[in-house]
Amino acid sequence: MREPLFVKQNAEKWTHFEQSATNNPDEIAERFIKITDDLAYAKTFYPKSKTTEYLNGLASKLHQSIYKNKSEKSNRFITFWKLELPLLFKQYEKQLLYSFIFFVVFCLIGVISAKYDENFLKLILGPNYVDMTNENIAKGDPFGVYKKENEFLMFLFIAPHNIFVAFVTFASGIIFSVGSVYFIFQNGLMLGSFEYYFFSKGLGLQSILVIWIHGTIEISSIIIAGAAGLVLGNSLLFPKTYTRIVSLKRGAKDGTKMAVGLVPLFIIAAFFEGFVTRHTEMPSWLSITILASSLCFIIWYVIIYPNKLYKNQTLYVEH
């Protein structure tokens, strides 16, 4: 059978499976069997076609649904962190990459702007903060701002504040993704000018060893929140084979899961900022260990583990 005829005969069925979700285990299993049959046929006669690639992706999603249905009976919480969230990171890896690129570009803009405009730093960070930090530098304690408040009170303020910022960054993606890009821009600009300020004072390395103890997880989470906003906005802009409202619902659901997944990360980052960052006298090796461990965890959980998980599922489907 020619490929166009094969697609024509089955397109309506595939579209129905993709757009009409079901929680019925028997129905999901039946759909999985039908799709794997079609996939086997496509792999035999059209091994390198887009049809085969499409069916493999659809079969993977159905297999994931079967796994989720089994897991939910035992522990829904574990399933979310072990399977759902990592697979969302894999599914929306392009949005994560775009958010990261946007952030880096905006950071560089912040660095250049702070370098060539003396007033830019106070405009972005606020004159009070800049004046206070200048005083701390003069006193020989450039990061004294992290020691001013009680540890626990700092933690109680920072954690909900950063979680709120992340959810605003995500939710603003409904404005055709532009809203999320704006908040990425805002945070990137602030970080770039902030780091330039300390490097210009000869405190660049020290700022990395101190601030990035909590900043590694915090900034990574902001980037992920931006990606969640792009998922939301792009679902409205580019519905693909779905109706726009169905696509938006899917984007909102997936983006919300990504945003919710950031809550523990912000709590950890707030703990570091409230209880650990203030110890600016800690040995360099300890500071490097904390921020390197944080970075390795983010890379593993957001990139390496999701790819490994997806590859394992794909191999299962192909066999």
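Starting from 1, each residue takes its place in the sequence as its number.
- Summarising the local packing, NZ of Lys13 is surrounded by more than 12 heavy atoms from other residues, nucleotides or ligands at distances under 6.0 Å.
- Note on ring orientation: taking the six-membered ring where Trp is involved, the planes of Phe89 and Tyr301 are perpendicular (angle over 60°, cut-offs 30° and 60°).
- Listed here is the closest heavy atom pair of Thr133 and Pro142: CG2-O, 3.9 Å.
- The hydrophobic clustering, which links ILVMFWY residues whose side-chain heavy atoms are closer than 4.5 Å, places Ile101 and Val111 apart.
- Note that OH of Tyr92 and CG of Asp254 are 3.5 Å apart. Values are rounded to the nearest 0.5 Å.
- Counting heavy atoms of neighbouring residues, nucleotides and ligands inside a 6.0 Å radius, atom CD of Glu3 exceeds 12 of them.
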Next item on the list: Could you check Lys50 against Glu53 for salt bridge (Lys or Arg N to Asp or Glu O under 4.0 Å), going step by step and ending with a plain yes or no?
Entry: CA-CA 5 Å; Lys50 290 186 177 180; Glu53 184 180 339; over 6 Å; no

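- The environment of NZ in Lys90 is crowded: more than 12 heavy-atom neighbours from other residues, nucleotides or ligands sit within 6.0 Å.
- The neighbour count for Phe100 CZ, taken as heavy atoms of other residues, nucleotides or ligands under 6.0 Å away, does not exceed 12.
- Annotation for Trp81 and Pro264: closest pair CH2-CG, 3.4 Å, computed over non-hydrogen atoms.
- Here the side chains of His279 and Glu281 are in contact, with some heavy-atom distance below 4.5 Å.
- Inter-residue side-chain proximity for Met282 and Val276 is flagged as met; some heavy-atom pair is nearer than 4.5 Å.
- Thr289 OG1 to Ile213 CD1: the interatomic distance, rounded to the nearest 0.5 Å, is 10.0 Å.
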Next item on the list: Check the pair Val210 / Thr277 against side chain to side chain contact (heavy atoms under 4.5 Å, CB included), numbers first and verdict last.
Entry: CA-CA 6 Å; Val210 173; Thr277 301; 3.7 Å; yes

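- Shortest non-hydrogen contact noted between Ser221 and Leu265 is OG-CB, 3.5 Å.
- Residues Ile267 and Phe155 meet the side-chain proximity criterion, which asks for heavy atoms closer than 4.5 Å.
- With hydrogens and angles disregarded, a donor-acceptor distance shorter than 3.5 Å links the side chain of Ser247 to the backbone of Ser235.
- Distance check, rounded to the nearest 0.5 Å: CD1 of Ile124 to CG of Leu191 gives 12.0 Å.
- Judged purely by distance below 3.5 Å, without hydrogens or angles, the side chains of Tyr146 and Asp141 never pair a donor atom with an acceptor atom.
- Leu108 and Leu189 fall within the same hydrophobic cluster, defined by Ile, Leu, Val, Met, Phe, Trp and Tyr side-chain heavy atoms under 4.5 Å apart, directly or through other members.
- In the displayed structure, Lys147 atom NZ is contacted under 6.0 Å by more than 12 heavy atoms of other residues, nucleotides or ligands.
- Atoms CH2 and OG, on Trp212 and Ser287 in that order, are 12.5 Å from each other to the nearest 0.5 Å.
- Under the 4.5 Å side-chain heavy-atom criterion for Ile, Leu, Val, Met, Phe, Trp and Tyr, Phe185 and Ile112 are members of distinct hydrophobic clusters.
- Within the 4.5 Å cutoff, the side chain of Leu55 has no heavy atoms near those of the Thr36 side chain.
- Here the two rings, on Phe143 and Phe198, have centers that are under 6.0 Å apart.
- The local environment of CZ in Phe164 is sparse, with at most 12 non-hydrogen atoms from other residues, nucleotides or ligands closer than 6.0 Å.
- Few gaps surround CD on Gln206; more than 12 heavy atoms of other groups in view lie less than 6.0 Å from it.
- At a threshold of 4.5 Å between non-hydrogen side-chain atoms, the residues Glu93 and Leu97 do not count as touching.
- Listed for the Arg278 side chain is a donor-acceptor partner under 3.5 Å among the backbone atoms of Gly274.
- Under a hydrophobic-cluster definition in which Ile, Leu, Val, Met, Phe, Trp and Tyr are linked whenever side-chain heavy atoms come within less than 4.5 Å, directly or via other members, Val178 and Phe238 are assigned to different clusters.
- Taking the six-membered ring where tryptophan is involved, the planes of Tyr129 and Phe194 are tilted, since the angle between them lies from 30° to 60°.
- Listed for the Asn56 side chain is no donor-acceptor partner under 3.5 Å among the backbone atoms of Thr52.
- Between Tyr305 and Trp300, the ring planes lie parallel to each other; the angle is under 30°, not in the 30° to 60° tilted range.
- Within 6.0 Å of CG in Leu125 there are more than 12 heavy atoms belonging to other residues, nucleotides or ligands.
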Next item on the list: Go through the steps for Trp14 and Thr51 under the test side chain to side chain contact (heavy atoms under 4.5 Å, CB included), then give the verdict.
Entry: CA-CA 11 Å; Trp14 299 339; Thr51 302; 4.0 Å; yes

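- Using a 4.5 Å heavy-atom cutoff, the side chains of Phe157 and Glu149 are not in contact.
- Counting only heavy atoms from C-beta outward, the side chains of Leu39 and Lys43 approach each other to under 4.5 Å.
- Interatomic distance, CG of Leu309 versus NZ of Lys82, reported as 9.0 Å (0.5 Å rounding).
- Looking at Ser180, its side chain never comes within 3.5 Å of a backbone N or O of Ser177 through a donor-acceptor pair.
- Phe120 and Tyr196 are assigned to two separate hydrophobic clusters, defined by single-linkage of ILVMFWY side chains at heavy-atom distances under 4.5 Å.
- Without hydrogens or angle criteria, Ser193 side chain to Gly110 main chain gives no donor-acceptor distance under 3.5 Å.
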Next item on the list: Could you go through the side chain to side chain contact (heavy atoms under 4.5 Å, CB included) check for Leu262 and Ile222 one step at a time?
Entry: CA-CA 9 Å; Leu262 297 174; Ile222 289 294; over 6 Å; no

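- Using the six-membered ring where Trp is involved, Phe102 and Phe106 have ring planes that are parallel, under 30° apart on the 30 and 60° scheme.
- Distance check, rounded to the nearest 0.5 Å: CG of Asn150 to CG of Leu156 gives 9.0 Å.
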Check: Where do Phe170 and Thr256 land on the side chain to side chain contact (heavy atoms under 4.5 Å, CB included) test, with the steps shown first?
Finding: CA-CA 8 Å; Phe170 154 63; Thr256 300; 3.5 Å; yes

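- Between Phe6 and Tyr46, the ring centre distance stays below 6.0 Å.
- Of the possible polar contacts, one joining the Ser172 side chain to the Val168 backbone as a donor-acceptor pair under 3.5 Å is found.
- Within the 4.5 Å cutoff, no side-chain heavy atoms of Ile184 are placed close to those of Ile223.
- Taking all atoms of both residues into account, the shortest heavy-atom contact from Gln95 to Leu230 is O-CD1, 3.7 Å.
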